[in-house]
Amino acid sequence: MSDENKSPRDGVIDADVVIVGAGPAGLFQVFELGLLGIHAHVVDSLAHPGGQCTELYPDKPIYDIPALPVCGAQELVDRLLKQIEPFSPTLHLGQEVSEVRPLGDGRFLVRTAVDTCFHAKSIVIAAGLGSFQPRRLVLPGAEELENRAVHYRVRNASEFHGQRLVILGGGDSALDWVLDFHGKATSIVHVHRRPEFKAAPASVARMQRLANEGAVTYVEGVATALQLDGERLRAITIKRGDGSTVDFEADHVLAFFGLHPKLGPIADWGLELERKAIKVDTAKFQTTTPGIFAIGDINAYPGKKKLILSGFHEAALAAFAIAEHLNPAKKVHLQYTTTSPIMHKRLGVPD
Ligand SMILES: Cc1cc2nc3c(=O)[nH]c(=O)nc-3n(C[C@H](O)[C@H](O)[C@H](O)COP(=O)(O)OP(=O)(O)OC[C@H]3O[C@@H](n4cnc5c(N)ncnc54)[C@H](O)[C@@H]3O)c2cc1C
């Protein structure tokens, strides 16, 4: 899956369809469009495809996917990625779609937070519960220090080398960074609120070994205050399980409390919403703006059920509607994948 469809003009990408969201609905949308001969660009704010399945419950089994009596959530995503391979979608990961607006000629400008720009003839919003945002440290001063001394992701690891770090959290991200920065940071204090960790047991064991050796300070507790020196972070106060508090001097605090979905910029795209979901019709799954469709958990219509199955059905109908939207003069006939030579060709099935 490549980035080959960039238009030479100002780096703007001309697209028939931009799909916002690479969860199960967005991925299956690629497939349904591909069967009709339509290429799609897919944008997701996460660094990997899979939406809630990958982010929230990758190891859990799903029992209500037709013809798959049981399927792991990550396995489902892997199967979808395999299924869409013949259609070579262009994936733009790790970038939130921040802006969608009409260009006035029937197309839309779609812009991401890292300034990837599309001129899209149609858009499918498959944004689920919204884009995943880091859970933030709710302490006075944390907002002002964000990206300077309080961080929720590591963009450039080398900026933390030779620094005094306090790393908060008990999941894989927290543990991975504790282990990664060991030997590179001046000091590391690792803080987690309870004895149980979500991270891989092998990582926890390594961190505990480092703590026993005195290479990392481990504290069971919660952060209760940031101590500032003017506008600079000086220290962080940790309240231990027994109620006592301790201050650790720190240059940077890295908090990894997981991600939670937030509707985010979608609310500003001029679409009619109903309780944080986008209103669509049930024939085309089109929004109140012609050319913009919405499928999966993000949409609302009478009787809507937020199930993967529903997103798959909606993707199929939306694909036909998009084909008509792109080429109103051409009637799109239903063809079966079992028997259609043209679909076999698109799927790469030898006849
Ligand atoms: C614990 C749990 C168990 C579940 N079990 C089942 C089950 O057994 N069966 C079932 O059918 N369903 C189940 N579900 C529900 C199912 O996961 C959802 O219905 C499904 O994931 C919806 O798919 P989606 O593609 O619409 O959205 P999502 O999976 O939410 O994907 C949406 C994607 O859009 C991205 N996005 C959002 N906004 C933007 C933006 N502005 N720019 C770029 N990207 C954006 C997000 O980062 C995300 O990756 C479960 C859910 C949970 C939490």
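In each ligand, atom 1 is the first atom listed, and ligand 1 is the first ligand listed. Everything quoted here is computed from the prediction, not taken from an experiment.
At a cut-off of 3.5 Å, with distance as the only test, a side-chain donor of Ser340 or Gln335 sits close to an acceptor on the other residue. No hydrogens or angles considered: nothing links the side chains of Asn212 and Gln208 as a donor-acceptor pair under 3.5 Å.
Gln74 places no side-chain N or O within donor-acceptor distance of the main-chain N or O of Asp59, the cut-off being under 3.5 Å.
Looking only at side-chain heavy atoms (C-beta outward), Glu144 and Glu231 stay at 4.5 Å or farther from each other.
Partner of Phe312 under the side-chain contact (heavy atoms from CB on, under 4.5 Å) criterion, chosen from Leu307, Leu27, Leu80: Leu80.
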Tabulating one pair per line, provide the atom names and distances (0.1 Å) for every N/O atom of ligand 1 that is less than 3.5 Å from a protein N/O atom.
residue, atom, partner, partner atom, Å
ligand 1, 9 (N), Asp64, OD1, 2.8
ligand 1, 9 (N), Asp64, OD2, 3.4
ligand 1, 11 (O), Ile308, N, 2.9
ligand 1, 14 (N), Tyr57, OH, 3.2
ligand 1, 17 (O), Tyr57, OH, 2.5
ligand 1, 19 (O), Asp297, OD1, 2.8
ligand 1, 19 (O), Asp297, OD2, 3.2
ligand 1, 25 (O), Pro24, N, 3.3
ligand 1, 25 (O), Ala25, N, 3.0
ligand 1, 26 (O), Asp297, N, 2.9
ligand 1, 29 (O), Gln52, N, 2.9
ligand 1, 30 (O), Gln52, NE2, 2.8
ligand 1, 38 (N), Ser131, N, 3.3
ligand 1, 41 (N), Val97, O, 3.2
ligand 1, 42 (N), Val97, N, 2.8
ligand 1, 44 (N), Ser45, N, 3.1
ligand 1, 47 (O), Asp44, OD1, 2.7
ligand 1, 47 (O), Ser45, OG, 3.2
ligand 1, 49 (O), Asp44, OD1, 3.1
ligand 1, 49 (O), Asp44, OD2, 2.7

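Gly50 approaches Pro24 most closely through the heavy-atom pair O-CD, 3.7 Å.
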